[in-house]
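Notes follow the structure.
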Amino acid sequence: MMDTDGIFDDLLDENSVFKNKEMLRPSYTPDKLPHRSDQINDIARILVPALRGETPSNILIYGKTGTGKTVAAKHIGRELEKKGEELNVNCSVIYLNCKVVDTQYRVLAHLARHFNKEVPLTGWPTDQVYQEFREVLDNKKRVVTIMLDEIDKIIGKSGDDILYHLSRINQDLKRAKVSIIGISNDLKFTDILDPRIKSSLGEEDIIFPPYNADQLRDILKQRSEPSIKEEAISDEVIPLCAAFAAQEHGDARRALDLLRVSGELAEKEGEKIKEKHVREAQDKIELDRVVEVVKTLPTQSKLVLLCIIKLKQFKDNDLTTGEVYEGYQELCKRTNMETLTQRRVTDLISELDMLGIINAVVVSKGRYGRTKEISLSISADEIKEVLLDDYRLSNLKNYNLSSSNQTKL
DNA sequence: GTTCCACAGGAACTATGGGTAC
DNA sequence: GTACCCATAGTTCCTGTGGAAC
C-alpha cells in the first residue's frame, strides 16, 4: 500500500479561501455589470427593434481590454434571446471571435453551421458558402444579431469582403433580418476600412471607457462576496488590487486575475489573503506573461534574447546593436543556425522591445555613431531557463561568448 | 559650420507555406 | 490535384540622423 493513498482527501480538507473560484475567472459572465449601465442601455435601445421583428442598426463597440465590452455584449445577447422567447419572436444572437474564426470562409461556414447547414472545413468556393448561409438564414422569418468580437483581426485579411457582404446581406433577404455588432480593442481600426463598409457597419458607435480605481473596487467587491470567504480576506486587499489594475489602463480582467492569484497564493500558505499576496500575485502574473511570450517567440528572436542575456553577464552598462549582432553571429555558428542580416536583427530587437522583454532606446554617440542602447527589463535567470528549454538552444547552456567579444565590452 | 560614425528604419523585392478557387 | 492568392519572414539597397570631434 502506498502512503500517497487519499492525497486528494487531504487537499480537499485544507482550509480554502474560496467559496466559488470560477466566479473570478474572465470566462464567467455575471448577471449584473457595475458601471456599465449607460453602455448597456444604449446597446439595448439600439437592439430593441429586433423584438418587434424589425432590423436594428449595426453597432461598433470600442474599448481597451478588460473594459467589459465582450461581457456586456454577451449579457445583452442572452437577455435579447430570453425576451424574444417570452414574446414569441424568433430572435437569435450568434457570437464569433474573429481571432479564432479568422478568415472569410471560416466566418461564413461558422454562421451556416449555426443554422445546421453542413459546410466542409475547406473545399467550397466562398461564394457558395455565402449562398448556402443566406438561403438557410432566409428560410423563415427571424432577426439575427451577429456579434463579431475582435473584428479588427480580420480587417485586411480578406475580412473586408466578409464585412461588406454581411453589412449588405439585408438587401438579399426576404424573410430574415440581420444586424451586426462589431467589437474592437483598436479605436483606429475603422481608418483602414473601406468607406462603404465603415458607413454601414458603424451606424452607431458605443465607447467603453477604462474603469477607474473606485469602479474596479466595486466590481471586485461584487465578485468577491460570492466567491471568497469573508473571513479569508483582509480589508486592504480589494483596494490594492483595484489600484494596481487601474494603473494598467483600468483593466477589470487584470483586477480579477490579481484577486484570484492572491487567493491561490494565500491558500497555498494556509493564510488569509493579505497585501503581500497581492504584491506577489502582481509579480507572478507579470512573470507568467513574460514566460509565456518568451516560450512562443520564434527561434531567431530567442537566440537574440539569449545573446543579450549572456552579454549582460559581463557588462553593467547598456549594450549596442553592433555588440548584440556580433554575439548573435557567434551563437548562430555554435548552434549551426542560419545567420540573419543585421537589418533583420534590428527589427527583432525592436519587437522584443515592444513586447516589454527588453528596453531599447535610440541614442546618438556623436562621432561614434547612432545606435540603440539595449537593457533587459526582466529577470534574466528565469527567462534564461525558459530559453534553454528550447532544444535548439540547449547546447548553449554552459557556453560563454568568446573572450574577444567580452574584452571589447 | 562641416565631417563622420554606426547604425535606424523605409521601400522594394524574393521565398515560402498555407489557404482558397476551380 | 493544381493553380493562384496572400500573409509572413527575410534580404538588399538605400537614405536619414544626432551629436561628438574637428
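Below, chains carry the letters A, B, ... as their sequence lines are ordered, and counting in each starts from 1.
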Distance-only donor-acceptor hits, side chain of residues 84-94 of chain A, under 3.5 Å, sequence neighbours excluded:
from: A/Glu86; atom 1: OE1; to: A/Lys83; atom 2: NZ; distance (Å): 3.2

- Item | Atom pair distance, as rounded to whole Å: CD in A/Glu373 and P in B/dA6 | 15 Å
- What are the residues of residues 355-367 of chain A, sorted by number, that bring a heavy atom to within less than 4.0 Å of DNA chain C? A/Ser364, A/Gly366, A/Arg367
- Sole candidate of A/Ile308, A/Asn359, A/Asp318 that passes side chain to side chain contact (heavy atoms under 4.5 Å, CB included) when paired with A/Ile374: A/Ile308
- Note on the structure: Taken to the nearest whole Å, CD/A/Glu338 to P/B/dA15 is 14 Å
- Note on the structure: Rounded to whole Å, CG of A/Leu297 lies from C1' of C/dA9 at a distance of 15 Å
- Message: My understanding is that only residues two or more places apart in sequence, or in another chain, count here; which of them pass side-chain hydrogen bond (donor to acceptor under 3.5 Å, both in side chains) with A/Glu264?
- Response: A/Lys21
- Task: Could you check how far CG of A/Asp353 sits from P of B/dA8, rounded to whole Å?
- Result: 12 Å
- Message: How many whole angstroms separate atom CG of A/Leu108 from atom C1' of B/dT20?
- Response: 13 Å
- All salt bridge (Lys or Arg N to Asp or Glu O under 4.0 Å) counterparts of A/Arg370, not counting sequence neighbours: none
Using atom types as modelled, flag every donor-acceptor pair under 3.5 Å from a side chain in residues 239-261 of chain A to any protein atom, sequence neighbours excluded.
from: A/His249; atom 1: NE2; to: A/Thr65; atom 2: OG1; distance (Å): 3.4
from: A/Asp251; atom 1: OD1; to: A/Arg253; atom 2: N; distance (Å): 2.9
from: A/Asp251; atom 1: OD1; to: A/Arg254; atom 2: N; distance (Å): 3.2
from: A/Asp257; atom 1: OD1; to: A/Arg260; atom 2: NH1; distance (Å): 3.0

- Query: Should A/Thr320 be listed as having a side-chain N or O under 4.0 Å from OP1 or OP2 of B/dC7?
  - Reply: yes
- Of all residues at least two apart in sequence or in a different chain, which pass the salt bridge (Lys or Arg N to Asp or Glu O under 4.0 Å) check with A/Asp288? A/Lys284
- Contact check, residues 340-352 of chain A vs DNA chain C, heavy-atom distance under 4.0 Å, returns A/Leu340, A/Thr341, A/Arg343, A/Arg344
- Item | Contacts of type salt bridge (Lys or Arg N to Asp or Glu O under 4.0 Å), residue A/Glu275, not counting sequence neighbours | A/Arg279
- Note on the structure: note: A/Arg370, atom CZ; C/dA21, atom P; distance rounded to Å ~ 18 Å
- Query: With sequence neighbours left out, which residue pairs that include part of residues 289-305 of chain A fulfil the salt bridge (Lys or Arg N to Asp or Glu O under 4.0 Å) condition?
  - Reply: A/Glu286-A/Arg289, A/Lys302-A/Asp390
